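Taking it in order: structure first as structure tokens, then the write-up.
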Amino acid sequence: MKNKAELIFNETFKNTFKDRKQIAILCFLADLGIAIWSYEKIKNYDEYLKIAKPIINSPDFQVQIYAVLLQTFIFSMLLFLVFHIVIYFLYVREVKYAVKYVRFYTFMAALSAGIMIFSGAPVALIPFLIYLLSFIAVGKQIKK
């Protein structure tokens, strides 16, 4: 019974990570999930004040710096996500540099997610698995 369940699990992942569209969608969802989680972490004003109060005396200036920090983060994440939508679109179309980028990016993203897990952010486990399996699948696609 256990072998049958393992076989079904393995076949599901093999089939999921063979198709370029599925890899692109899963990687984008992992990117989006990490971006949303990061936003939720950075928008905590109380945590920001713990860091900013000893450095910045003026409450008005603290609020202004926080607003700039938040706006910069949101802009950067949107730029990152739009860039990756374009890259994943080109990856699905099998553009050579996009395939190489996705291969390199999934390796670095899996490494980063692994570090996040060991740093106390278990929420990165699912993106870690997605990036790791995508890295393996893209490597197999490049070899073909």
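As the structure is a computational prediction, the values presented were derived from the model and not from experiment. Sequence positions, counted from 1, serve as the residue numbers for this chain.
Between Met116 and Ile34 the shortest heavy-atom distance is CE-CD1, 4.1 Å. Listed here is the closest heavy atom pair of Ile130 and Cys27: CG2-N, 4.0 Å. Counting all heavy atoms, side chain and backbone alike, Ile51 lies closest to Ile55 at O-CD1, 3.5 Å. When every heavy atom of Pro54 is checked against every heavy atom of Leu49, the shortest pair comes out as CD-O, 4.3 Å. Between Ala35 and Met77, the shortest heavy-atom contact is CB-SD, 3.6 Å. Considering all non-hydrogen atoms of both residues, Arg103 and Gly139 come closest at NH1-CA, 3.2 Å.
Residue Met108 is not grouped with residue Leu29 when hydrophobic side chains (ILVMFWY) are merged at heavy-atom distances under 4.5 angstrom, including chains of intermediate members. One hydrophobic cluster, built from ILVMFWY side chains closer than 4.5 Å, cannot hold both Val92 and Phe89; they sit in different ones. Leu78 and Phe73 fall within a single hydrophobic cluster, where Ile, Leu, Val, Met, Phe, Trp and Tyr side chains are chained together by heavy-atom contacts under 4.5 Å. Hydrophobic cluster membership is shared by Ile136 and Leu129, with clusters built from Ile, Leu, Val, Met, Phe, Trp and Tyr side chains linked at under 4.5 angstrom. Under a hydrophobic-cluster definition in which Ile, Leu, Val, Met, Phe, Trp and Tyr are linked whenever side-chain heavy atoms come within less than 4.5 Å, directly or via other members, Ile23 and Leu32 are assigned to the same cluster.
Put simply, the side chain of Val68 reaches to within 4.5 Å of the side chain of Thr72, judged on heavy atoms. Side-chain atoms of Leu90 and Tyr97, non-hydrogen and from C-beta on, do get closer than 4.5 Å to each other. Side-chain contact check for Ile65 versus Phe61: some heavy-atom pair is nearer than 4.5 Å.
With sequence neighbours excluded, the residues that form a salt bridge (charged side-chain N to carboxylate O under 4.0 Å, His left out) with Lys50 are Glu47. Legend: residues meeting salt bridge (charged side-chain N to carboxylate O under 4.0 Å, His left out) with Lys43, ordered by chain and number and at least two apart, are Glu40.
Ring-plane geometry between Tyr48 and Tyr66 is classed as tilted, the angle between the planes lying from 30 to 60 degrees on a 0 to 90 degree scale.
The side chain to side chain donor-acceptor pair (under 3.5 Å) contacts involving residues 23-34 comprise Asp31-His84, Asp31-Tyr88, Asp31-Tyr105, Asp31-Tyr131, where partners must be two or more places apart or lie in separate chains.
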Could you walk me through whether Leu81 and Phe28 pass the side chain to side chain contact (heavy atoms under 4.5 Å, CB included) test, one step at a time?
-> CA-CA 8 Å; Leu81 291 172; Phe28 180 74; 3.9 Å; yes

Given Arg20 and Val99, is the side chain to side chain contact (heavy atoms under 4.5 Å, CB included) satisfied, shown in steps?
-> CA-CA 10 Å; Arg20 288 181 187 270; Val99 173; 3.5 Å; yes

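Taking CD1 from Ile74 and OG from Ser38, the interatomic distance works out to 12.0 Å, rounded to the nearest 0.5 Å. To the nearest 0.5 angstrom, Leu70 atom CG is 11.5 Å from Tyr45 atom OH. Here the CG atom belonging to Leu26 is positioned 10.0 Å from the CG atom belonging to Asp19, to the nearest 0.5 angstrom. Atom-to-atom distance recorded for Phe80:CZ and Ile87:CD1 is 11.0 Å, nearest 0.5 angstrom. Atom CD1 of residue Ile117 and atom CG of residue Leu125 lie 4.5 Å apart, to the nearest 0.5 angstrom.
Under a cut-off of 6.0 angstrom, the local environment of CD1 in Ile42 is crowded, with over 12 non-hydrogen atoms contributed by other residues, nucleotides or ligands.
With Phe135 as reference, Phe107 is the one residue of Phe107, Phe128, Phe104 to meet the ring pair (Phe, Tyr, Trp, His ring centres under 6.0 Å) rule.
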